[in-house]
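Remember, predicted model here, so these are calculated numbers, not experimental data.
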Amino acid sequence: MKQLLIRDLTLRDGQQSAFATRMNQQQVDRVLPLYKSANFYAMEVWGGAVPDSVMRFLNEDPWERLESIKKAIGDTSLLTALSRGRNLFGYNPYPEEVIEGFNRNAVKSGIGIMRIFDALNDVNNMKSTIKYVKDNGGIADCAVCFTVDPKFTTKQKISALLRGKKLPRKIFTVDYFVQKAKELEGLGADMISIKDMAGLISPVVSGQIISRMKKEISIPIDFHTHCTPGYGLASVLNAIIKGVDIVDTNILNFSGGPAAPSFEIIQLFCNKLGIETGVNLDAVVKIDKELKEIRKELAEFDSYKMFPLEFDITKDTLPPKIDKLFDDAIAYAKADNEEKLLEAAHAIEKYFNFPAPDEQVKFAEIPGGMYTNMLSQLKQLKLDHLLPKVLQTVPIVRVASGCPPLVTPTSQIVGVQAVNYVIDENKGVPPYTSKSIQYVNLVKGLYGETPIPVDPSFREKICGHREEVPYDTSDYKKQDNPVIPEVGVKLAENEKEELLLELFPTVAAPYLRKKKEEAYFQKIEAEKEAERKKYEEAKNAFERLSPKEKEERLMNGLYNYKWTSFNNEV
């Protein structure tokens, strides 16, 4: 029987995509015993927005989050995390000692697979992380970020021709993604992930990429996508049919919409295809039941509030009409009939009560988060009527800056600059009068090599010089780590805390201060409690004495415990 490995994303990407990364430690703890028996190949539990969010919103320690999950899961499933190569969680590259320290501590604390990506698909930004992960016994999962080519209007094409400018030909082809994967395999990658965080990969393209990679690459291939524009489920099915080794899914109540496809639906397809996942379905049913309750607790962060159909995969059966949709989807995928495949997949998702495809995001061909960020930025300025113009401007801004993939954080950088561009035009001032420091740094070359070269004249206009300037980590300045006067200890007292301070300075500094202050006051309270107990023991012992013994002890100075002063203090 064929085998397909499943990476469960629920506790990281799932809750991040659907519920703003707000699961607290107690909620995570409730499902861990069930996950221990679920037998997923891997569980993504850390990285991404988790370290920032648990400090910022939950006042929890990211390292303790990881270590507690590892303790509960043991070796049943490999724990995985997401990081951005040399940039880790920020914009600028970090010096080697920070990259090495982070990856060493992540693997030591329980990470078995580190998924490494770079927002520009610049493999040079991933080299050192691959080395440090492998040196410490981890698996280097190297991601190739999927993106689509800029889509220009007819007017923009004509305007470019009249100005003698050449718009770029196809950049992000199947050859492009396969070549990137080969380069990463040559650098020591243990596995390759096709990382489609925007959900823009169509079923036909996912099939083409997987087919080529399975022929030309010798290490396992993982497929990761989201459901926002409506391609997710169909694209995963096509990847499975084309022989992908691993797929990323979420458990039912944390799946669909902005998140990845449902494991349960993928399992139903695997049942029909004769593919073994090795997952304990009884455990999955129990996990989903608990996740439904947790989702109710996270209601204020649930933008859809559409609970999926209750479905027990161990015993429930599909109505004949829906069961046929599964058969039809498989047949259409095998025939590369994308239109019919998508129709069947959307009908299946509708039956399970998942959100419908976001047509605006699908048409705009940008990540859903980028779309909502731009809209929010415009609404704050009461300029949301300019959104259509901003969407048309995204390709112009993107191409000018080297056509970066639209993934975190380049999607935000390009999106913000597109809004600035349109606002400048609206004010009657030249475009790029307003520009973010991140956009300047992108054009300058600080973040790495872009897919196409930046025009030197444009770089001069934005940065003041024509030559590319790579980031120089010798200019890096470590974060201040002062002693907290009130408690007499440093803000960061060990390497893990120092790493939090380096990687998340604006969030970690107040978090660590609060943590140290709470620990100090707990210590004071503990000392007072010990003193209180000592007083009570002494008092009780004295009260048990006879009047004569009491008098003798007091007169001889044998009992000198200061009841009065302690009572007043208490």
Side-chain angles (χ1 to χ4, degrees), residues 82-87 93 114-131 133-134 139-151 166-225 231 235 238-239 242-248 336 365 367 395 398-399 401-408 410-411 414 442 445 447-454 468 470:
L82 178 70
S83 78
R84 266 201 313 271
R86 291 179 67 202
N87 299 66
M114 182 65 74
R115 176 173 279 167
I116 310 152
F117 79 101
D118 178 69
L120 299 178
N121 277 333
D122 182 351
V123 298
N124 289 319
N125 282 340
M126 301 165 69
K127 278 182 181 177
S128 60
T129 299
I130 295 170
K131 177 183 184 303
V133 168
K134 291 170 70 76
I139 295 169
D141 171 15
C142 296
V144 180
C145 295
F146 180 82
T147 191
V148 295
D149 289 318
K151 186 170 67 175
K166 281 188 177 180
L167 294 175
R169 294 183 177 182
K170 287 188 174 293
I171 302 165
F172 301 109
T173 62
V174 172
D175 285 340
Y176 169 88
F177 296 113
V178 173
Q179 181 57 36
K180 288 292 178 183
K182 287 180 176 179
E183 291 173 27
L184 290 167
E185 183 179 25
L187 289 174
D190 296 304
M191 58 195 292
I192 297 291
S193 284
I194 309 303
K195 185 181 186 310
D196 174 30
M197 63 165 285
L200 294 175
I201 191 167
S202 67
V204 165
V205 175
S206 76
Q208 290 171 344
I209 292 175
I210 297 301
S211 295
R212 283 279 305 279
M213 286 191 178
K214 287 303 295 177
K215 289 176 185 174
E216 300 178 36
I217 290 170
S218 61
I219 54 180
I221 309 297
D222 183 302
F223 184 64
H224 172 101
T225 191
Y231 293 132
S235 294
N238 212 18
K242 297 301 189 288
V244 76
D245 302 288
I246 309 161
V247 296
D248 293 3
D336 285 326
E365 292 190 328
R398 186 182 176 200
V399 168
S401 54
C403 212
L406 294 180
V407 298
T408 304
T410 49
S411 55
V414 170
L442 173 63
Y447 301 149
E449 184 180 340
T450 50
I452 62 174
V454 173
E468 182 178 327

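Across Gly402 and Val454, no two heavy atoms sit closer than the pair N-CG2, 3.8 Å. The minimum heavy-atom distance between Ala189 and Ile219, with the atom names listed, is O-CD1, 3.4 Å. Residues Ile192 and Ala181 share a closest heavy-atom pair of CD1-O, 3.7 Å. Nearest approach of Ser83 to Met114, heavy atoms of both residues: OG-SD, 3.7 Å. The nearest pair of heavy atoms linking Ile210 to Gly243 is CG2-C, 4.3 Å. Smallest separation of non-hydrogen atoms from Cys403 and Pro150: SG-CG, 3.4 Å.
With rounding to the nearest 0.5 angstrom, the NZ atom of Lys214 is 3.5 Å from the CG atom of Asp245. The distance from the CZ atom of Phe172 to the NZ atom of Lys180 is 9.0 Å, given to the nearest 0.5 Å. In this structure, CE on Met213 lies 10.0 Å from NZ on Lys182, to the nearest 0.5 angstrom. Rounding to the nearest 0.5 Å places CG of Asp141 at 3.5 Å from OG of Ser193. Between the OG1 atom of Thr225 and the CG atom of Asp248 there is a distance of 9.5 Å, given to the nearest 0.5 Å. In this structure, Thr450 OG1 and Asn121 CG are separated by 11.5 Å, a value rounded to the nearest 0.5 Å.
Not a single ring pair (Phe, Tyr, Trp, His ring centres under 6.0 Å) links Tyr231 to another residue, sequence neighbours left out.
No side-chain heavy atom of Lys242 sits less than 4.5 Å from a side-chain heavy atom of Ile221. At a threshold of 4.5 Å between non-hydrogen side-chain atoms, the residues Glu216 and Val178 count as touching. Between Phe177 and Ile194 there is no side-chain heavy-atom pair separated by less than 4.5 Å. Put simply, the side chain of Asp222 reaches to within 4.5 Å of the side chain of Met191, judged on heavy atoms. Residues Val144 and Ile209 are not in side-chain contact: their nearest non-hydrogen atoms beyond the backbone lie 4.5 Å or more apart. Contact of the Met197 side chain with the Cys145 side chain is not registered, since no non-hydrogen atoms from C-beta on lie closer than 4.5 Å.
Of the possible donor and acceptor atoms, none in the side chain of Asp149 sits under 3.5 Å from a partner among the backbone N and O of Lys170. Panel note: side chain Thr147, backbone Leu406; a donor-acceptor pair is recorded below 3.5 Å. A donor-acceptor pair under 3.5 Å is formed between the side chain of Ser206 and the backbone N or O of Pro203. No donor-acceptor pair under 3.5 Å is formed between the side chain of Thr410 and the backbone N or O of Pro404. Side-chain N or O atoms of Asn87 include none that pairs as donor or acceptor with a backbone N or O of Asp118 at under 3.5 Å.
Within the structure, salt bridge (charged side-chain N to carboxylate O under 4.0 Å, His left out) pairs that include any residue of residues 187-209 comprise Lys134-Asp190 (at least two apart or interchain).
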May I have the step-by-step check of side-chain contact (heavy atoms from CB on, under 4.5 Å) for Met126 and Leu187, ending in yes or no? CA-CA 9 Å; Met126 301 165 69; Leu187 289 174; 5.8 Å; no
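Counting heavy atoms of neighbouring residues, nucleotides and ligands inside a 6.0 Å radius, atom CD of Glu449 does not exceed 12 of them.
Taking a cutoff of 4.0 Å between a charged side-chain nitrogen and a carboxylate oxygen, Asp175 and Arg212 qualify as a salt bridge.
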